[in-house]
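Values below: all heavy atoms of this structure, side chains included; hydrogens, waters and symmetry mates excluded. So you know, we letter chains A, B, ... as the sequences are listed, proteins then strands, and number each from 1.
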Amino acid sequence: MIWSVLADNINYAAAMILFSIGFYTLIMRRNIIKKIIGLNIMEIAVFFFLVSVGYLKEGVAAIVVQGAEHSKMVNPIPQALVLTGIVIAVSINALSLSLALKLYKHYGTLNVDELKETKQ
Amino acid sequence: MKNVLAVLSTGAVAAFLLYIVALLPSMGDAGNPTNLNIAPRYLEHGEQEVGTRNIVTGVLLNYRGYDTMGEIAIICAASAGVLAVLGTGKRKSAYAFMDLSDVKLSFIIRTAVMFLMPLIILFSIFTVLYGTTLPGGGFQGGAIIGAGTIIFTMVFGFREATNRMPARFRTLLESTAIVVFFLVGTAGVIGGANFLTYILPQLSTQIQPAVRTLMLLVVQFGIGIDVGMIFTSILFALLREEETNDMECAR
Amino acid sequence: MLQTLNIVLLVSLIAIALAACLLRNLLVAVIMFSAFSLIMGIMWVMLRAPDLALAEIAAGAVVTTVLFVITIFKTQRREE
């Protein structure tokens, strides 16, 4: 496989590597807060990939000013979708952290192995 | 053994994704299929159809208005979930650990935050109001309001912050913002246009652009204040502790 | 010049994500995540998305980090 093909798409490659780092953190770390951090890294990697797809070389931001040409603006649709995605990521964080706090108050531990032992 | 298996499966996922990404058309090319189909139409007709100069805000409020409605629903659901899990703090005995310590922050930090707080609030209102012509918008301004109240709480204490923003004030603002958003969206339906179209069809066509700008402003303000107050409520819910029955027996 | 900056920022992103994954001290991992959010904000500006940069820095580097730190303060601080 020739990896020089990736030299143009280096943003995409970095997004995929970040996604797999987040994936490993989500499945292999034993603390619940580490898993939430892994979930966040996965989400940010996906947003990064989506906005990179809509990039244009020598492009300008999607705001209409005096001398702007429409053919040079970057794609505005992934940016709107990713804005909604950032909101959803913050909401998921808030809810997961409150549930983790409640778990700690009830069981005294945040380790997934020890949480599996208790049979209540 | 499990560790080796996990590393191998992650490596397989990463290699598969990298192989697919190498086959995509190169980034930034002008002839990409993603830049040729829908985006030119939104970019050319965006300003006259939506009425904003910031095309991302225009896409978010007009072409993708239903997604914004769903996003507000998700924020409200998350706020309801956090308050259901952690308690609403209606009892008088709520306190926070940060108030119990004798150590106060240094004079430099307190003075600097005292100078910066009005500027932060002014900047957040500016970001919300100029969402149609400059980078900004409803959610960005709301996040800056939330960040400002978080900084205030961290420096001046939990008791001071909850005295200035009591629960009734916060819930009033949150619920009014949501109701205002839905009213503005439904105002067009009464006249015969679509949902979330930001026109009032009965009025004359001379003042239609002014009505549209006003409705967009009201919608963005609604989203911004809603998001800011919900972030503050989530912060207060995570910070507070209630006195339990054990402590009352010990007294 | 901008291409070099792009590559340097991407390499530092991957290094920070690896550090946030492998550290055992939870507080340091959360501060690493806040730095990750900040460099992501710079990447959004380089991709010509100023709205996303505002939203990411305000909601990722301030709100999310403070929520994490409050939860870690009330629960344990190391991973085991």
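A donor and an acceptor atom, one from each side chain of B/Thr232 and B/Thr149, are located under 3.5 Å apart. Under 3.5 Å, the side chains of B/Gln140 and B/Thr127 contain no donor-acceptor pair of N or O atoms. Between the side chains of B/Thr133 and B/Arg53, no donor-acceptor pair is found at a separation under 3.5 Å. Side-chain polar atoms of B/Glu47 and B/Thr52 form no donor-acceptor pair below 3.5 angstrom.
Ranking A/Ile21, A/Ile27, A/Ile10, A/Asn11 against chain B, the residue ahead of the rest is A/Asn11, based on heavy-atom pairs under 4.5 Å. Per-residue counts of heavy-atom pairs under 4.5 Å with chain B were compared for A/Val90, A/Asn9, A/Asp8; the largest is that of A/Asn9. Ranked by heavy-atom pairs under 4.5 Å with chain B, the list A/Tyr55, A/Phe49, A/Tyr24 is led by A/Tyr24. Of all the listed residues (A/Ile86, A/Leu83, A/Leu101), the one sharing the greatest number of non-hydrogen pairs under 4.5 Å with chain B is A/Leu83. Options B/Ile38, B/Val59, B/Asn3 differ in how many heavy-atom pairs under 4.5 Å they form with chain A, and the most are formed by B/Asn3. Residue with the most contacts toward chain B among A/Ile88, A/Ile17, A/Ile63: A/Ile63 (heavy-atom pairs, distance under 4.5 Å). The greatest number of non-hydrogen atom pairs below 4.5 Å with chain A, out of B/Ser9, B/Ala237, B/Pro25, is found for B/Pro25. Heavy-atom pairs under 4.5 Å with chain A were tallied for B/Val13, B/Val7, B/Ile20, B/Asn35; the largest tally goes to B/Asn35.
The CG atom of A/Leu26 sits 9.5 Å away from the CZ atom of A/Phe19 when rounded to the nearest 0.5 Å.
Taking non-hydrogen atoms and a 4.5 Å limit, the residue list of residues 92-100 of chain A in contact with chain B, ordered by number, reads A/Ala94, A/Leu95, A/Ser98, A/Leu99.
No side-chain donor-acceptor contact under 3.5 Å links B/Thr34 to the backbone of A/Gly54. With hydrogens and angles disregarded, no donor-acceptor distance shorter than 3.5 Å links the side chain of B/Arg64 to the backbone of B/Gly58.
With a 4.5 Å cut-off on non-hydrogen atoms, A/Lys72 does not touch chain B at all. For B/Ile234, the part lying near chain A is the side chain, with the backbone staying farther off; criterion is any non-hydrogen pair under 4.5 Å. Looking at A/Val74, the atoms closer than 4.5 Å to chain B (heavy atoms on both sides) all sit in the backbone: N, CA, C or O. For a residue to count as touching a neighbouring chain, one of its non-hydrogen atoms must lie under 4.5 Å from one of that chain's; by this rule A/Leu81 touches chain B with the side chain only. If you measure heavy-atom distances from B/Pro135 to chain A, the contacts under 4.5 Å come from both the backbone and the side chain. For a residue to count as touching a neighbouring chain, one of its non-hydrogen atoms must lie under 4.5 Å from one of that chain's; by this rule A/Phe23 touches chain B with the side chain only. Only the backbone of B/Asp29 comes within contact range of chain A, with heavy atoms under 4.5 Å apart. Contact annotation for B/Leu24: both backbone and side-chain heavy atoms come within less than 4.5 Å of a heavy atom of chain A. Of the atoms belonging to A/Met73, heavy atoms from both backbone and side chain fall under 4.5 Å from chain B.
A heavy-atom distance below 4.5 Å is not found between the side chains of A/Leu56 and A/Asn75. In this structure the side chain of A/Glu114 never reaches within 4.5 angstrom of the side chain of A/Tyr107, judged on heavy atoms.
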Problem set entry | side chain to side chain contact (heavy atoms under 4.5 Å, CB included) assessment of B/Leu18 paired with A/Tyr12 | CA-CA 8 Å; B/Leu18 282 176; A/Tyr12 300 168; over 6 Å; no
For this session: Report the C-alpha distance between B/Thr153 and B/Phe236 in whole Å, list the side-chain angles of each, state the deciding distance to 0.1 Å, and finish with yes or no for side chain to side chain contact (heavy atoms under 4.5 Å, CB included).
Result: CA-CA 9 Å; B/Thr153 311; B/Phe236 287 167; 3.7 Å; yes
For this session: Test A/Ile77 against B/Tyr63 for side chain to side chain contact (heavy atoms under 4.5 Å, CB included), laying out the working first.
Result: CA-CA 10 Å; A/Ile77 303 172; B/Tyr63 292 117; over 6 Å; no
Problem set entry | Evaluation steps, side chain to side chain contact (heavy atoms under 4.5 Å, CB included), between B/Thr132 and B/Asn54 | CA-CA 5 Å; B/Thr132 51; B/Asn54 185 358; 5.7 Å; no
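A salt bridge is defined here as a Lys NZ or Arg NE, NH1 or NH2 lying under 4.0 Å from an Asp or Glu carboxylate O, and B/Arg212 with B/Glu49 fails to meet this definition.
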